[in-house]
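Right, one structure below, let's go through it.
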There are 2 protein chains.
Amino acid sequence: MHEEMRRAFTMLAGKWKLEIMWLLNQRTHRFGELRKQIPGITQHMLTSQLRELEADGLVVRTVFAEVPPRVEYEMTDKARGLGPTMQALTAWWEQYGHTLPPRPSARGRKPSGPAAPRETGS
Amino acid sequence: MHEEMRRAFTMLAGKWKLEIMWLLNQRTHRFGELRKQIPGITQHMLTSQLRELEADGLVVRTVFAEVPPRVEYEMTDKARGLGPTMQALTAWWEQYGHTLPPRPSARGRKPSGPAAPRETGS
DNA sequence: ACGGATAGTATGGAAGATGTGACTAATGGG
DNA sequence: CCCATTAGTCACATCTTCCATACTATCCGT
């Protein structure tokens, strides 16, 4: 049932989590790489999102005792099971992405909806 | 490369969008059905998330001229291409979901304190 | 000793996303 | 007349995220 799934949705519903997981699904990244790959994200947000993913058991954080410091983020085995999901998402976008409307995510919308089709004939 | 994908992430990054799309991927729902299926969501949020999905060309909104009103939400053909993604996500959760740590994400859906009741204007 | 590099933590005000109850519209039943 | 129903809308409250800045810690080069 989808009540079980709710946990999964919550884990991935963050504003940046899908993108982070998508990148980590390709390869291990270090902190600074993720920050460059995701323009617009701040250190603060990247840190907190990664911590949440780590707490959810999706990401492993490895600190190397080097100077300058190096921290790598890697998917766990569990999260690697998301590979097919990511591939399916990528394939979907390749197929349909370019057919979507230009930039409609703005809050404004058209004043009136389509004419109501009278279905049940009342 | 993945800059193209960013559009897809944005479209699905809303707090409730994955869950809504997962439900609509199964079948057409009317407004009230979605509201019951997604405990915790408010009318306001359900409306706005659906409007965004509609604006992104992922769902179709059909208003039936009946009383009481009936509005049905259905996936577009484009969004139906997400089927494999949803299936992969479901399969992943069935396989790994129960192995995840008890620690829920900090951003989890928890009820907030009682909002200060506003003075009903006289 | 100082600054550069990396990966953070901490703070604070602003912007944006989300949450809440109250309210509307049309119609049938009591 | 009043209530129930359904799918919203509205004004406002609160939570999350943004963004800049400041600070920590280590080692190397100067």
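Per chain, numbering begins at 1; letters A, B, ... match sequence-line order.
- Each of D/dC18, C/dT9, C/dG19 was ranked by its minimum atom distance to the side chain of A/Thr42; first place goes to D/dC18.
- Note: the hydrophobic cluster containing A/Leu12 does not contain A/Val60 (ILVMFWY, side chain heavy atoms under 4.5 Å, direct or indirect links).
- Residue contacts shown for A/Met45 are limited to sugar-phosphate atoms, with no base heavy atom under 4.0 Å away.
- Considering only side-chain N and O atoms, A/Lys15 lies nowhere under 4.0 angstrom from the phosphate OP1 or OP2 of C/dG16.
- The interatomic distance linking A/His29 (NE2) with C/dA7 (P) rounds to 13 Å, in whole Å.
- Between A/Leu50 atom CG and C/dT6 atom P there is a gap of 18 Å when expressed in whole angstrom units.
- Residues B/Leu34 and B/Leu50 meet the side-chain proximity criterion, which asks for heavy atoms closer than 4.5 Å.
- Set against D/dG8, D/dC18, C/dG19, the side chain of B/Tyr73 has D/dG8 as its closest nucleotide.
- When the side chains of ILVMFWY residues are joined at heavy-atom separations under 4.5 Å, either directly or via intervening members, A/Met75 and A/Phe64 end up in two distinct hydrophobic clusters.
- Hydrophobic clustering (side-chain heavy atoms under 4.5 Å, transitive across Ile, Leu, Val, Met, Phe, Trp, Tyr) groups A/Met45 together with A/Leu53.
- If you check every strand for non-hydrogen atoms under 4.0 Å, B/Gln49 touches sugar and phosphate atoms only.
- Rounded to whole Å, atom P of C/dA5 lies 17 Å from atom CD of A/Glu33.
- In the helix from C/dA1-D/dT30 to C/dG30-D/dC1, the end axes, each obtained as the rotation axis mapping the C1' atoms of four pairs onto the next four within a five-pair block, lie 30° apart to the nearest 10 degrees.
- Within the structure, a side-chain polar atom (N or O) of A/Arg61 is placed less than 4.0 Å from OP1 or OP2 of C/dG8.
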Name the pairs: protein N/O against N/O of nucleotides 3-6 of chain D, kept only if under 3.5 Å.
unit_1 : atom_1 : unit_2  : atom_2 : d
D/dT6  : O3'    : B/Arg30 : NH2    : 3.2
D/dT6  : O3'    : B/Pro69 : O      : 2.9

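- Atoms CG and NZ, on B/Asp56 and B/Lys17 in that order, are 6.0 Å from each other to the nearest 0.5 Å.
- C/dG16 atom P lies 14 Å from atom CD of B/Glu52, rounded to whole Å.
- Without hydrogens or angle criteria, A/Trp16 side chain to A/Leu46 main chain gives no donor-acceptor distance under 3.5 Å.
- For A/Arg27 and A/Glu72, the salt-bridge test fails: no basic side-chain N is under 4.0 Å from an acidic carboxylate O.
- Rounded to whole Å, atom P of C/dT18 lies 10 Å from atom CD1 of B/Ile41.
- Panel note: side chain A/Trp92, backbone B/Arg80; no donor-acceptor pair is recorded below 3.5 Å.
- Look at NE2 on B/His44: it is 16 Å from P on D/dC15, rounded to the nearest Å.
- Within the 4.0 Å cut-off from OP1 or OP2 of D/dC18, at least one side-chain nitrogen or oxygen of A/Trp16 is found.
- The side chain of A/Gln43 places no N or O atom within less than 4.0 Å of a non-bridging phosphate oxygen (OP1 or OP2) of C/dA10.
- For B/Phe9, the ring pair (Phe, Tyr, Trp, His ring centres under 6.0 Å) test picks out A/Trp22, with sequence neighbours left out.
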